[in-house]
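Below is one structure, written out as structure tokens; comments come after it.
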Amino acid sequence: MSLNTVRHDYKIAKADREKLNGHRSFLLWFTGLSGSGKSTLANLVEMELHKKGISTFSLDGDNIRQGINKDLSFVPEDRTENIRRIAEIANLMVDAGVVTLAAFVSPYIKDRENIKQIVGADNFIEIYINTSLDECERRDVKGLYKKARAGEIKNMTGISAPYEAPVNPDIEIVTDHQDIDTSVQTILDFIIQKLK
């Protein structure tokens, strides 16, 4: 925290915004390997919530790295800073009364624990998109695995950098042999009760 700043407390709080919106706000954190389906599932879940009149906003790894985090690389320290910044942004969104969906590889357990600290455990829902490396490589929607195998990409999660799977996620979606509609419904069934 900066030595020359003082936190200002405003009179409208998260609870007031939730009351106005008619639902609770929290963070849905989608984690998994590149190509696992995080962004696709987050997008489809958001569309369903939007149909129900839920105030939402999505944060996506590639989009954030083209803007606020474009100064960061993929070395471990920068990955940690990337996730810390996202957590702070997500915290603001949740405080604004918005159900926030974040789709990030976020390969380190300690970084995901830090997210939970920043937004609060009650506001954090960890969704592990558990897709095998073989399936992610088969999909290779961005061509990243092919480049990583050719040595053109350094620090590629799952190839030359580790992915630490969640130990006890709130939701685990195994996409290898599960259709996308079932995956979306599983997530919705879990979170709908938490909106009240």
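Remember, it's a predicted structure, so these values are computed and weren't measured experimentally. Values below: every heavy atom of this structure, side chains too, minus hydrogens, waters and symmetry copies.
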Inset, instruction - Write down the atom of Val119, the atom of Phe124, and the distance for their closest heavy-atom approach. - result: CG2-CB, 3.8 Å
Inset, instruction - Establish whether Leu59 and Leu72 are linked, either directly or via other cluster members, by ILVMFWY side-chain heavy-atom contacts under 4.5 Å. - result: no
Inset, instruction - Please examine the side chains of Val99 and Ile191, heavy atoms only from C-beta on, and report whether any two atoms are closer than 4.5 Å. - result: no
Inset, instruction - Identify the two heavy atoms, one from Ile173 and one from Ile171, that lie closest to each other, and give their separation to 0.1 Å. - result: CD1-CG2, 3.8 Å
Inset, instruction - Supply the atom-to-atom distance Lys19 NZ to Ile12 CD1, rounded to the nearest 0.5 angstrom. - result: 11.0 Å
Legend entry - Joint hydrophobic cluster, Ile109 plus Trp29, side-chain heavy atoms closer than 4.5 Å: no
Inset, instruction - Would you verify whether the NZ or CZ of Arg65 falls within 45 degrees of the ring axis of Phe74 while also being under 6.0 Å from that six-membered ring's centre? - result: yes
Legend entry - Ile180, CD1 atom: more than 12 neighbouring heavy atoms under 6.0 Å: yes
Inset, instruction - Return the set of residues passing salt bridge (charged side-chain N to carboxylate O under 4.0 Å, His left out) with Asp71 (not counting sequence neighbours), or none when no residue passes. - result: Arg85
Inset, instruction - For the residue pair Ile159 and Glu137, establish whether any side-chain heavy-atom pair is separated by less than 4.5 Å. - result: yes
Legend entry - From Asn114 atom CG to Lys116 atom NZ, the distance as rounded to the nearest 0.5 Å: 11.5 Å
Inset, instruction - For the residue pair Thr100 and Thr56, establish whether any side-chain heavy-atom pair is separated by less than 4.5 Å. - result: no
Inset, instruction - Would you sort out whether Asp111 and Ser106 count as a side-chain hydrogen bond (donor to acceptor under 3.5 Å, both in side chains), showing the intermediate values? - result: CA-CA 7 Å; Asp111 291 343; Ser106 48; over 6 Å; no
Legend entry - Residue pair Cys136 / Gly35: nearest heavy atoms and the distance that separates them: SG-C, 3.8 Å
Inset, instruction - Could you tell me whether the side chains of Asp189 and Gln185 share a donor-acceptor contact shorter than 3.5 Å? - result: yes
Inset, instruction - Establish whether Phe104 and Tyr108 are linked, either directly or via other cluster members, by ILVMFWY side-chain heavy-atom contacts under 4.5 Å. - result: no
Inset, instruction - Taking all non-hydrogen atoms of both residues into account, name the closest pair between Leu33 and Lys38 and its distance. - result: O-NZ, 2.9 Å
Legend entry - Heavy-atom check, side chain of Ile86 versus side chain of Asn69, under 4.5 Å: yes
Inset, instruction - Identify the heavy atoms of Gly151 and Lys154 that sit nearest to each other, and give their distance. - result: O-NZ, 3.1 Å
Legend entry - Exercise: identify the closest heavy-atom pair between Leu101 and Ala42: CD2-O, 3.4 Å
Inset, instruction - Indicate yes or no: does Glu113 engage Lys110 in a salt bridge with an N to O separation below 4.0 Å. - result: no
Inset, instruction - Would you mind reporting whether Thr157 and Arg79 have side-chain heavy atoms less than 4.5 Å apart? - result: yes
Inset, instruction - Decide if atom NZ of Lys196 counts as having more than 12 heavy atoms of other residues, nucleotides or ligands within a radius under 6.0 Å. - result: no
Inset, instruction - Flag the pair Ser34 / Met156 as yes when at least one side-chain heavy-atom distance between them is below 4.5 Å, and no otherwise. - result: yes
Legend entry - Verify same cluster id: Leu188, Phe30 (apolar side-chain graph, 4.5 Å): yes
Inset, instruction - Answer yes or no: is there an ion pair linking Arg17 with Asp95, defined by an N-O contact shorter than 4.0 Å? - result: yes
Inset, instruction - Treat each ILVMFWY residue as a node, draw an edge where side-chain heavy atoms are under 4.5 Å apart, and state whether Leu41 and Tyr128 are in one component. - result: no
Legend entry - Test applied, side-chain contact (heavy atoms from CB on, under 4.5 Å); reference residue, Asp170; option that passes from Ile187, Leu28, Ile125: Ile125
Inset, instruction - Return each pair, listed once, that meets ring-ring contact (aromatic ring centres under 6.0 Å, His included) where at least one residue sits in residues 140-191; pairs must be two or more places apart or across chains. - result: none
Legend entry - Ionic contact status for Lys52 with Glu48, cut-off 4.0 Å: no
Inset, instruction - Run the numbers on Leu49 and Ile192 for side chain to side chain contact (heavy atoms under 4.5 Å, CB included), then give the verdict. - result: CA-CA 9 Å; Leu49 292 174; Ile192 289 298; 4.2 Å; yes
Inset, instruction - Look at the side chain of Asp16 and the backbone N and O of Leu20, then say whether any donor-acceptor pair between them is shorter than 3.5 Å. - result: no
